[in-house]
Engineer: 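Let me give you the structure first, and then I'll get to my questions.
Order of the sequence lines fixes the chain letters, A, B, ..., with proteins taken first and strands second; residue numbering starts at 1 for each chain. When reading the values below, keep in mind they use all heavy atoms of this one structure, side chains included, and skip hydrogens, waters and symmetry mates.
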There are 2 protein chains.
Amino acid sequence: MRHAIHNPPGEAGCSGCEQQPRCLAGRFDEARREQLVSRLRTGIRCLPRYPLFHAGDRFRYLYIVQSGSFKSWRLERNGDQQVLGFHLPGDVLGIDGIRNGTHTSAAQALQSSRVCALSLARNPESLDGLSWFNAGLLKAMSRASSQDQEHLVIMGRRQATQRLAMFLRRLRRQYRRLGWPDDELTLTMSRADLASFLGLVLETVSRLFSQLHESQVLEVRRRRVTVLDPERLRQLSEAEAVSG
Amino acid sequence: MRHAIHNPPGEAGCSGCEQQPRCLAGRFDEARREQLVSRLRTGIRCLPRYPLFHAGDRFRYLYIVQSGSFKSWRLERNGDQQVLGFHLPGDVLGIDGIRNGTHTSAAQALQSSRVCALSLARNPESLDGLSWFNAGLLKAMSRASSQDQEHLVIMGRRQATQRLAMFLRRLRRQYRRLGWPDDELTLTMSRADLASFLGLVLETVSRLFSQLHESQVLEVRRRRVTVLDPERLRQLSEAEAVSG
DNA sequence: CGTCAGTTTGAGGACATTCAACGGAAGTGG
DNA sequence: CCACTTCCGTTGAATGTCCTCAAACTGACG
């Protein structure tokens, strides 16, 4: 089995985690984190393509991305999958499972990654005294909702170039939020995944990259993208209409 | 001013509300609802086009739809709006405002409607002892997330017919959930709103309705749609590809 | 070095958009 | 109550964009 999951020694904890300032649990002081220790498993390592959960799985944990990246998707009857999102450190995965206790989407690692798993108890009363935590959860879910909204706005745009430009600008924003340089983007997803995310076919996405490379907006070497002309990228993402 | 908001006498409460079994707050017994009474304003009447909130507004309340219907949308720089969702009784509106305390989307009534407003306190500690309520909130937000995912799947489909068919089947499911007849659908949104929701232009949506009417799948009289052939509608929504 | 998955590029065609005009319903004011 | 305006929805013709099918290329890995 190529894709395995390993649990690090228990002491790994949150002390060394780079995502602490952004983390749902890390936001809070050490004492408070102690309250969660029995529900929290930190530093779970995932190899590329390792699945956190499948559609239909019973809901067990919420996952917080510590490092690396993930994709989430839904499988249709047709057989083809719709990519719902790409997830970077600080993001929460598995929210859709809370409702019925069953996941409606699937998620897997796009590269070597680490996550924390957080078990939500069945009986709500056990959360008494942890309302600070619940409030954090609410905010994390609200953020996930906003991200879905941004995705919907991208899918709503007709022009393919506009969609890709919007995606790249959004990715830059996420990089900045993480304190990473935002001119050198590393796409951890395949062209097919990106195409599904954007509501296009992979050939179109490939052509768009070539086109933006040709016109000096980007430099594209496979999955390594350098943003050369951010201003032009902005224009492309905001284009009024075709005639604009 | 044509669009006004009226507060009914305080005693209106939840006792007569049809949505009780589905309501975030109504799920719980009377005693528990008492705990929320200071945060809950029930039975707020909204005339058509009445806005619950605009993008940029400070977050004050979560809204629970009691009767009628709403749309939510984002306004782009371009000036045009992307419809994010249509909301029926039992749905929660305003989730996106929790994150920063500012709404990123807007919502307004599509017809004469009623909502309940629920104020989330600034300090999380005040939620201690209300964890049962918080758990309900989590589920409601999880449901909203699932609905966004369904919307994303619709937008990902290339064929316009497929999108509309998926939308109609989804609407039927929602009608059934509410205990309404699911063969007579009343679209409370305009063709333009529906087109934006589906990622199409309104002319295309209009043509699709005519087409489905012509082929005896639907009977369409403006916003009144009768489903004549549910099986054919299913086939259209699941079509493999163009060649299928 | 050979295989294979992922990506790029090309040619042709289908389908949704664009632009334009018309019809009908609802709402307004006399 | 009727004429008027306005909004919404429908239909038509032509254009253009993205999809489909196909083949070649690249890099990774055994």
Engineer: Please report, rounded to the nearest Å, how far the P atom of C/dT17 is from the CZ atom of B/Arg158.
Structural biologist: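 Checked: the CZ to P distance equals 14 Å.
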
Engineer: Do B/Arg221 and B/Glu219 pass the salt bridge (charged side-chain N to carboxylate O under 4.0 Å, His left out) test, and can you show the C-alpha distance, the side-chain angles, and the key distance before you say yes or no?
Structural biologist: CA-CA 7 Å; B/Arg221 295 190 320 260; B/Glu219 189 183 317; 3.2 Å; yes

Engineer: Establish, with yes or no, whether the OP1 or OP2 oxygen of D/dC18 is under 4.0 angstrom from a side-chain nitrogen or oxygen of A/Gln159.
Structural biologist: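 Answer yes for this pair, as a side-chain N or O of A/Gln159 is under 4.0 Å from OP1 or OP2.
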
Engineer: So does A/Arg224 have more than 12 non-hydrogen atoms from other groups sitting under 6.0 Å from CZ?
Structural biologist: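 No, CZ of A/Arg224 has 12 or fewer neighbouring heavy atoms, counting only those of other groups under 6.0 Å.
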
Engineer: All N/O contacts under 3.5 Å from nucleotides 25-30 of chain D to the protein, with atom names and distances to one decimal?
Structural biologist:
none

Engineer: When you check the side-chain N and O atoms of B/Ser69 and B/Thr188, is any donor under 3.5 Å from an acceptor?
Structural biologist: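 A pair is found: one side chain offers a donor N or O, the other an acceptor, under 3.5 Å apart.
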
Engineer: Between atom CZ in A/Phe209 and atom P in C/dT8, what is the gap in whole Å?
Structural biologist: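 Atom CZ in A/Phe209 sits about 8 Å away from atom P in C/dT8.
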
Engineer: Check the distance between C/dC15's P and B/Gln211's CD and give it to me in whole angstrom.
Structural biologist: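 Going from CD in B/Gln211 over to P in C/dC15 covers 10 Å.
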
Engineer: So B/Leu171 and B/Phe86, do their side chains get closer than 4.5 Å, heavy atoms only?
Structural biologist: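 No, every pair of side-chain atoms sits at 4.5 Å or beyond.
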
Engineer: Mind checking B/Thr204 for me? I need base, sugar-phosphate or nothing, with any heavy atom below 4.0 Å counting as a touch.
Structural biologist: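 The answer is base, as B/Thr204 lies within the cut-off (heavy atoms under 4.0 Å) of a base atom.
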
Engineer: Give me the ring orientation class for A/Trp180 and A/Tyr175: parallel if the planes are under 30° apart, tilted from 30 to 60°, perpendicular past 60°.
Structural biologist: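 Rings of A/Trp180 and A/Tyr175: perpendicular, over 60°.
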
Engineer: Would you state whether a donor and an acceptor, one from the side chain of B/Arg221 and one from the base of D/dG9, lie under 3.5 Å apart?
Structural biologist: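 Per atom types, no contact qualifies.
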
Engineer: Could you check whether B/Gln174 and B/Arg177, counting side-chain N and O atoms only, form a donor-acceptor pair closer than 3.5 Å?
Structural biologist: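 No pair is found: no donor N or O on one side chain lies under 3.5 Å from an acceptor on the other.
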
Engineer: Which whole-number value in Å describes the distance from A/Arg157 CZ to C/dA16 P?
Structural biologist: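 So the CZ-P distance, A/Arg157 to C/dA16, works out to 18 Å.
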
Engineer: Using a cut-off of 6.0 Å, state whether more than 12 heavy atoms not belonging to A/Glu231 lie near its atom CD.
Structural biologist: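 Yes, because the 6.0 Å sphere around CD of A/Glu231 holds more than 12 heavy atoms from other groups.
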
Engineer: B/Ser210 near the nucleic acid: base, sugar-phosphate alone, or nothing, with a heavy-atom cut-off under 4.0 Å?
Structural biologist: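 Sugar-phosphate only.
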
Engineer: Measure the distance from CZ on B/Arg224 to P on C/dA26 and round it to the nearest whole Å.
Structural biologist: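 Computing the B/Arg224:CZ to C/dA26:P distance gives 12 Å.
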
Engineer: May I have the distance from A/Leu212 (atom CG) to C/dT9 (atom C1'), rounded to whole angstrom?
Structural biologist: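 Atom-to-atom, A/Leu212 to C/dT9, this comes out as 16 Å.
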
Engineer: Once you apply a heavy-atom cut-off of 4.0 Å, does A/Arg163 come out as touching a base, just sugar-phosphate, or nothing?
Structural biologist: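 Nothing: the residue A/Arg163, judged by heavy atoms under 4.0 Å, touches no strand.
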
Engineer: With a 4.5 Å limit on heavy-atom distance, are the side chains of A/Asp193 and A/Leu110 in contact?
Structural biologist: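 The answer is yes, as the side chains (C-beta and beyond) meet within the 4.5 Å cut-off.
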
Engineer: For B/Asp182, which of B/Arg176, B/Arg170, B/Arg169 qualifies under salt bridge (charged side-chain N to carboxylate O under 4.0 Å, His left out)?
Structural biologist: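 Among B/Arg176, B/Arg170, B/Arg169, the one that satisfies the salt bridge (charged side-chain N to carboxylate O under 4.0 Å, His left out) with B/Asp182 is B/Arg176.
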
Engineer: State which of D/dT11, C/dA11, C/dA16 makes the closest approach to the side chain of A/Arg207.
Structural biologist: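 Between D/dT11, C/dA11, C/dA16, the one nearest the side chain of A/Arg207 would be C/dA11.
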
Engineer: To the nearest Å, give me how far apart CG (A/Leu208) and P (D/dC19) are.
Structural biologist: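 Going from A/Leu208 (CG) to D/dC19 (P), I get 9 Å.
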
Engineer: With the threshold set at under 4.0 Å for non-hydrogen atoms, list the residues of residues 191-203 of chain B touching DNA chain C in residue-number order.
Structural biologist: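 Heavy-atom contacts with DNA chain C come from B/Gly199, B/Leu200, B/Val201, B/Glu203.
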
Engineer: Figure out the CZ/C1' separation between A/Arg223 and C/dA5, and round it to whole Å.
Structural biologist: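 The distance from CZ of A/Arg223 to C1' of C/dA5 comes to 10 Å, rounded to the nearest Å.
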
